[in-house]
Amino acid sequence: MEDRSQTRRDFMKMMSMGAMAALSLGSLSCTQARVEAFLQKHFREMTEAEKKEAIRRLEETYFRKYGKKFHISTQPADAAVLWGYGLDLSRCIGCRRCVYACVKENNQSRINPQLQWIRVVRLKDGSLINLENTEHYYNPEKVPEPGFQYMPVQCQHCENPPCVRVCPVHATWKEPDGIVVVDYNWCIGCRYCIAACPYKGRVFNWGEPNIPPEELNTEVHYLGNRPRMKNVVEKCTFCIQRVRNGRYPACVEACPTGARKFGNLLDPDSEIRYIIENKRVFRLKEDLNTEPKFYYFFSA
Amino acid sequence: MEAWIFFKKTIRMVFVGTKVYYLWCAFLLAIIGVAIAFYIKQLDAGLIVTNMKDQVSWGLYIGNFTYLVGVAAAAVLLVIPAYIYHFDPIKEIVVLGELLAASAIIMALMFVLADLGRPDRFWHIIPFIGILAFPDSLLAWDVIVLNGYLVLNTIVPIYILVKTYFGKEPVRKYVIPLVLLSIPWAVGIHTVTAFLYNGLAARPFWNASILAPRFLASAFCSGPAMALIIFQILRKTAGLKIKNEALFKVAELMAYAMFINLFLLGAELFKEYYSGTIHLAPMQYLFQGLHGHDSLVPWIQSAMVMNITAFLIFLIPATRKNLITLNIGSLLIIVGVWIEKGLGLIVPGFIPDPLGEIYEYLPNINEIAISLGIWAFGLFIFTLFMRIAIPIQRGDFSHSKYAHEAGRTQYERDQSIRKTSENS
Ligand code: SF4
Ligand code: SF4
């Protein structure tokens, strides 16, 4: 460990000197911040001081870019918490308010690329588990439509996540509270994790993300909804910026039918535990042993 | 000093040549130039300039990567007949095979780089400097084995060539173990690359244990096919000495490899179609079309026709031992396997996606231009390699002090080998 960080520091010194030389030659229009961002360490290897420095730099960059003051939190996980999600399929009406609430809360790119972390698919009654018969693009006048079921799918925060296993640079990992996160500044954009996720839990910023400045959410978490850059992967984080502050995820709040439940799996009195113990519960693709912490159930 | 002179001479060597040589290089450089323009556009705008999407997140680049790893793996297998059948130009075969493998690996690595969303962060994947997720990620394994293979396939030929340049015999004690090591290593790179896809439970099309053997079988057809063509071109243009029998022997081995390839494909088709589970969908998409989406069907059908025709050509001695049919067969294999192991392997893995969505992917002009550029670059590198290697091996490019001897040594060596093989 010692050795590795030593060599890395040397390498960085070398690189930054090279970059500086290039700068002074004026051949590269690199700014100081860009050089620093280029040399930035993996989030989990930063010391507290380095984290502060990274945050300060990011806040400056965002201010320059969007003209807004961001507040970037790095609040860590609480050891007594393991987050779990419940989704009541008998209540979901396919209105997709959760999708748009999520887009807004989490600063997802709006058009070209248009990114959404939640997909609500439509299924004919009676073919719930056969995901090969889903419909993705449907636009009824009114929901719900007779004869159909709706199933929202997002990152399932697998206990045994294949996306984390395949990442060649550990740019994505599972936090102690079960949330699977991405360090957007470390991801190399290989998209191996997208190939590995059985739930389509991840999306890629194919181009420079764009968000109308007036719709920016400036209350962000480093590992969650802070604005991303092009060509990195992103995903649902259970609204890490909210839930670590005692709030519900935005989709839970937005759902008009109360189909979405959220809570601490380690707390025997939580609603999510009640659901798991008392309802007919299932998880998607259980045969793959990913152990999702996302529980579908039927209340009726 | 000696090394410097050698270096200066090789540079001079590269810059002089016949008209055909200049034209060929200019042609390749023009393609590379166009590709660079497209790549700059991709760097600037991001991968959005490609036809890839979240639904099909790997495409032409990774398809080419997979194919080229196969070519690299198989090129080194030219070394096996060289050792088993003791053909005369054994050294030329080793050097050519390994340089071909090296060029293919360079191309493969460039395809990965072209596919990377953040090439500016490539240092994250360098061991000790970045964080390489070894042994968890198969991609990390691939980085290691591919680079190791590249090193192996450059030091051996360079060593042999430099020795020959100075009119000395390469020390067999050093060469043989490295050459022998490169054989299992070749199997290794292709197996690891197969496992890259194979290990993903989310993608049933790849998650079949037959994948790695199928990879190897098809690679052992396409790599040698490429070598056959290249050998003949070099025989015409650069005075490479290689006998027809050597070509025919390689072709015979390719017939066996193609048989195994087709057999394994049949085994997989049987399993999918007879059991008919939902995992059949990607197969159906590839071979028949799924819910009216069938853009890959004509591709895979022509690939099948090409592979079977080539198999017959290489199986029947009369057509195998005729240079015209042999070349047709080789071209059919090169293209047929490219379709099968390129687009035909990567794309259906993503279709339908894990939630049943179908997005039909075909590469666009950006991807095609960049891919052609990488191919041209690989051919360019290989051309330069040959520009140096063949004259050295022939003995007309050597250290002045030993020039006379070197030429003669080479000639005499050939003579003596010929004699011993005739006697035995
Ligand atoms: S659902 Fe997909 S993205 Fe989320 S943790 Fe599981 S494998 Fe990873
Ligand atoms: S795209 Fe990023 S997070 Fe995903 S596997 Fe590649 S480096 Fe890791």
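Since this is a predicted model, take the numbers as computed values, not measurements. So that the names make sense, note that chain A is the first sequence line, chain B the second, and so on, each numbered from 1.
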Roughly how far apart are B:Phe122 CZ and A:Cys190 SG, rounded to 0.5 Å? 15.5 Å

Contact origin within A:Leu284 toward chain B - heavy atom pairs under 4.5 Å: neither

Tightest non-hydrogen contact, residues A:Ala195 and B:Trp206, listed as CB-CZ3, 4.4 Å

Specify which of B:Leu139, B:Asp136, B:Leu47, B:Leu200 makes the most heavy-atom pairs with chain A at under 4.5 Å. B:Leu47

Engaged part of A:Cys167 at the chain B interface, taking heavy atoms whose separation is under 4.5 Å: backbone

Taking atom CH2 of B:Trp375 as the centre, report whether more than 12 heavy atoms of other residues, nucleotides or ligands fall under 6.0 Å from it. yes

Hey, which of A:Val169, A:Thr134, A:Leu131 has the most heavy atom pairs under 4.5 Å with chain B? A:Val169

Among the options A:Asn289, A:Asn133, A:Val203, A:Val121, pick out the one with the most heavy-atom pairs lying under 4.5 Å from chain B. A:Val203

Separation between CD1 of A:Ile194 and CG of B:Asp353, rounded to the nearest 0.5 Å: 11.0 Å

Option in B:Gly46, B:Ala202, B:Ser137, B:Gly356 with maximal non-hydrogen atom pairs under 4.5 Å from chain A: B:Ser137

Quick one: do B:Glu357 and A:Glu135 satisfy side-chain contact (heavy atoms from CB on, under 4.5 Å)? Show the steps, please. CA-CA 7 Å; B:Glu357 189 181 343; A:Glu135 284 174 80; over 6 Å; no

Between B:Ala201 and chain A, which part of the residue has a heavy atom less than 4.5 Å away: side chain, backbone, both or neither? both

Of the listed B:Ala133, B:Gly199, B:Ala281, the one with the largest count of heavy-atom pairs under 4.5 Å with chain A is B:Ala133

Residues A:Lys200, B:Asp54: salt bridge by 4.0 Å N-O rule: no

Under 4.5 Å to a heavy atom of chain A? For B:Leu43 that would be backbone

Under 3.5 Å: donor-acceptor pair, side chain of B:Arg203, backbone of A:Ala196: no

Would a distance-only check, ignoring hydrogens and angles, find a side-chain to backbone donor-acceptor pair under 3.5 Å from B:Lys53 to A:Trp206? no

How many angstroms lie between CG in B:Leu116 and CD1 in A:Ile188, if you round to the nearest 0.5 Å? 4.5 Å

Answer key: most heavy-atom pairs under 4.5 Å with chain A among B:Ile62, B:Asp115, B:Ile125 is B:Asp115

Using every non-hydrogen atom in the two residues, find where A:Phe38 and B:Asp120 come nearest and quote the distance to one decimal. CE1-O, 2.8 Å

Okay, B:Asp44 and chain A: the region with an atom under 4.5 Å from a heavy atom over there is backbone

Got a second to check how far A:Glu132's CD is from B:Leu280's CG, nearest 0.5 Å? 9.5 Å

Specify which of A:Val232, A:Val153, A:Asn185, A:Asn205 makes the most heavy-atom pairs with chain B at under 4.5 Å. A:Asn185

Heavy-atom pairs under 4.5 Å with chain A are the metric here; pick the option from B:Pro352, B:Ser57, B:Ala140 that has the most. B:Ser57

Among A:Glu208, A:Met229, A:Met151, which has the most heavy-atom pairs under 4.5 Å with chain B? A:Met229

Kindly give the heavy-atom pair with the smallest separation between B:Leu196 and A:Tyr192, and that separation in Å. O-OH, 2.6 Å

Can you name the nearest heavy-atom pair linking A:His170 to B:Ile131, along with the distance? CD2-CG2, 3.7 Å

In terms of the angle between their ring planes, are A:Trp186 and B:Trp123 parallel, tilted or perpendicular, with boundaries placed at 30° and 60°? perpendicular

Quick check: are there more than 12 heavy atoms from other residues, nucleotides or ligands sitting under 6.0 Å from OH of A:Tyr137? yes

The interface call for A:Asn112 against chain B, heavy-atom contacts under 4.5 Å, is both

Tell me if the OH atom of A:Tyr296 is crowded by more than 12 foreign heavy atoms within 6.0 Å. yes

Hey, is the main chain of A:His42 close enough, under 3.5 Å, to the side chain of B:His124 for a donor-acceptor pair? no

Looking only at A:Pro113, A:Pro198, A:Pro168, A:Gly189, most heavy-atom pairs under 4.5 Å shared with chain B are made by A:Pro168

